[in-house]
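Just so it is clear, the structure is predicted and the values come from calculations on it, not from any experiment.
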Amino acid sequence: MKFKLTRVFFLSRKKLIMNIMRTFVFLFCATVFGFVPGTIFSQKAKIVIETDKTITVDEVFEIIKNQTNYTFIYQEDLFKNTAKCI
């Protein structure tokens, strides 16, 4: 009786290739995510609201837009029937 060991070697090669591919994907992702800038400027913005008043969401976005370089893109009637903010 003879045994064919080619199938056993094929499975080990397949596992080896899968492990190499997984390692490559992991190292590729780690490298790409390593190129993140050192400082993030979006968290340093200061917004000043001078008085206590009730305003709409659209007015809040206008205040933020006027005091920073941020731009908001949304549908015009999205906040049409919402309550006012304090």
Side-chain angles (χ1 to χ4, degrees):
M1 178 179 225
K2 290 186 176 183
F3 294 104
K4 290 186 178 182
L5 298 176
T6 57
R7 188 167 182 90
V8 174
F9 291 124
F10 178 72
L11 288 176
S12 66
R13 283 187 211 161
K14 187 175 181 180
K15 287 182 183 180
L16 177 67
I17 291 172
M18 288 300 292
N19 284 335
I20 289 172
M21 288 190 330
R22 287 180 185 148
T23 305
F24 175 75
V25 169
F26 173 73
L27 291 175
F28 179 75
C29 290
T31 303
V32 169
F33 292 131
F35 292 123
V36 176
T39 58
I40 299 174
F41 298 108
S42 64
Q43 297 179 0
K44 295 185 180 190
K46 301 279 185 191
I47 309 296
V48 178
I49 299 175
E50 297 166 359
T51 60
D52 263 348
K53 61 181 179 180
T54 304
I55 57 176
T56 63
V57 176
D58 290 325
E59 291 172 341
V60 171
F61 284 141
E62 280 298 319
I63 291 172
I64 295 171
K65 184 178 166 184
N66 291 335
Q67 293 184 13
T68 62
N69 293 334
Y70 300 148
T71 304
F72 298 98
I73 300 172
Y74 58 92
Q75 191 174 351
E76 188 172 334
D77 61 346
L78 185 65
F79 303 110
K80 187 175 184 179
N81 296 325
T82 58
K84 292 189 173 191
C85 302
I86 297 177

Checklist entry - Once the angle between the rings of Phe24 and Phe28 is folded into 0 to 90°, is it parallel (under 30°), tilted (30 to 60°) or perpendicular (over 60°)? => result parallel

Checklist entry - Under 6.0 Å from the CZ atom of Phe72, do we count more than 12 heavy atoms belonging to anything else shown? => result yes

Next on the checklist: How about CG on Asn69, more than 12 heavy atoms from neighbouring residues, nucleotides or ligands closer than 6.0 Å, or not?
Outcome noted: no

Next on the checklist: Looking at every non-hydrogen atom in both residues, tell me the closest pair between Lys46 and Gln67 and how far apart they are.
Outcome noted: O-OE1, 3.9 Å

Next on the checklist: How close do Ile63 and Val48 get, counting heavy atoms only, and between which atoms?
Outcome noted: CG2-O, 4.4 Å

Item to check | Same cluster (ILVMFWY, side-chain, under 4.5 Å), Leu78 and Val57 | outcome: yes

Next on the checklist: Please say yes or no: joined through hydrophobic side-chain contacts below 4.5 Å, possibly via intermediate residues, are Tyr70 and Tyr74 part of one cluster?
Outcome noted: yes

Atom [atom1] in [X], atom [atom2] in [Y]: separation rounded to 0.5 Å?
| X | Y | atom1 | atom2 | result |
| --- | --- | --- | --- | --- |
| Arg22 | Ile17 | CZ | CD1 | 12.5 Å |
| Ile64 | Glu59 | CD1 | CD | 12.5 Å |
| Ile49 | Ile55 | CD1 | CD1 | 5.5 Å |
| Phe61 | Phe79 | CZ | CZ | 4.5 Å |

